[in-house]
Amino acid sequence: MVLYTNPMSRGRIVRWMLEETGQPYRVELMDYGQAMKSEQYLAINPMGKVPALRHRGVVVTETAAICAYLADAFAGQGLAPALDDPRRGSYLRLMFLAAGPLESAITIKALGVDVPAEKSGFVGYGSHATVMSVIAQEAAQAAPWLLGEQFSAADVYLGSQILFGLKFKSVEPHPAFVAYAQRLMARPAWQRAAAADDALIAGNG
């Protein structure tokens, strides 16, 4: 597997997911600007951004899609409920909730844009307050993970949104978020991934 990434990008999420799979992978570092817009890289990801994953001749882009792909490609690691598992619906709901409403609400709020109440029907998440209330409830009910005892790609992806939000203060430090974040950061795979990307940022990678 080849991960095209930059340590200051959402590629950090995919590296964490790769570490959770326990499978070998190689990293291709991409600089922002010309490198990501080059003809060679646009052939990999026409959006000209990272992350992207190449595996068995298949290229997968979009962070949530990569996480879901890896969970299914290495099903033996238990990072997603099986197709016939009743929890599969909840798992998919959480993945799409994080990839759509949650990320949109956080991003728009961070840009200083307030959606007027009378226009809330125009945005997929309705209101920032509603989204964050739902996510806080999910985090509070995590026991210890979103699907109960089973850690999954939903924890990697949705959990990363919370971790980034707490770090950059785009998410309020709700006690449920803080407690959930602490459990996530205690995972060895998260620690390995974070250390590797932090070393690259520091110039020691």
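This one's a predicted model, so the numbers in the text were calculated from it and none came from an experiment.
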Please give me the minimum heavy-atom distance between [X] and [Y], naming the atom from each residue.
{"X": "N45", "Y": "P51", "result": "ND2-O, 4.1 Å"}
{"X": "M132", "Y": "I106", "result": "SD-CG1, 4.4 Å"}
{"X": "S120", "Y": "A117", "result": "OG-O, 3.0 Å"}
{"X": "G78", "Y": "Q150", "result": "O-NE2, 2.8 Å"}

Evaluate whether atom CD of E172 has more than 12 neighbouring non-hydrogen atoms of other residues, nucleotides or ligands under 6.0 angstrom away.
-> no
Decide if atom OH of Y69 counts as having more than 12 heavy atoms of other residues, nucleotides or ligands within a radius under 6.0 Å.
-> yes
Kindly indicate whether the side chain of [X], heavy atoms from C-beta on, has any atom under 4.5 Å from the side chain of [Y].
{"X": "L53", "Y": "L70", "result": "yes"}
{"X": "T5", "Y": "M30", "result": "no"}
{"X": "S152", "Y": "D155", "result": "yes"}
{"X": "Y25", "Y": "V2", "result": "no"}
{"X": "M1", "Y": "R54", "result": "no"}
{"X": "T61", "Y": "V50", "result": "no"}

For K49 and E62, run salt bridge (Lys or Arg N to Asp or Glu O under 4.0 Å): C-alpha distance rounded to whole Å, both residues' side-chain angles, the deciding distance at 0.1 Å, then the answer.
-> CA-CA 9 Å; K49 62 188 184 72; E62 307 312 315; 3.1 Å; yes
Are a donor atom and an acceptor atom from the side chains of E20 and W16 found within less than 3.5 Å of each other?
-> yes
Y125 and E103 side chains, donor-acceptor separation under 3.5 Å = no
Considering the options Y180, W190, Y91, W145, which one meets the ring pair (Phe, Tyr, Trp, His ring centres under 6.0 Å) requirement together with F151?
-> W145
Please say which of L3, N6, L200 ends up in a side-chain contact (heavy atoms from CB on, under 4.5 Å) with L29.
-> L200
Tested for side-chain contact (heavy atoms from CB on, under 4.5 Å) against L102, the lone hit among L94, V131, T107, V171 is V131
Pair D114 + K109: basic N to acidic O under 4.0 Å | yes
Could you tell me whether K37 and D31 have a side-chain N and a carboxylate O separated by less than 4.0 Å?
-> no
Is there a salt bridge (Lys or Arg N to Asp or Glu O under 4.0 Å) between R88 and D72 once you walk through the steps?
-> CA-CA 12 Å; R88 182 79 179 186; D72 289 341; 3.3 Å; yes
So Y41 and Y4, would you call those rings parallel, tilted or perpendicular, with 30° and 60° as cut-offs?
-> tilted
T130 and S127: side-chain hydrogen bond (donor to acceptor under 3.5 Å, both in side chains), yes or no, with the steps?
-> CA-CA 5 Å; T130 298; S127 74; 2.8 Å; yes
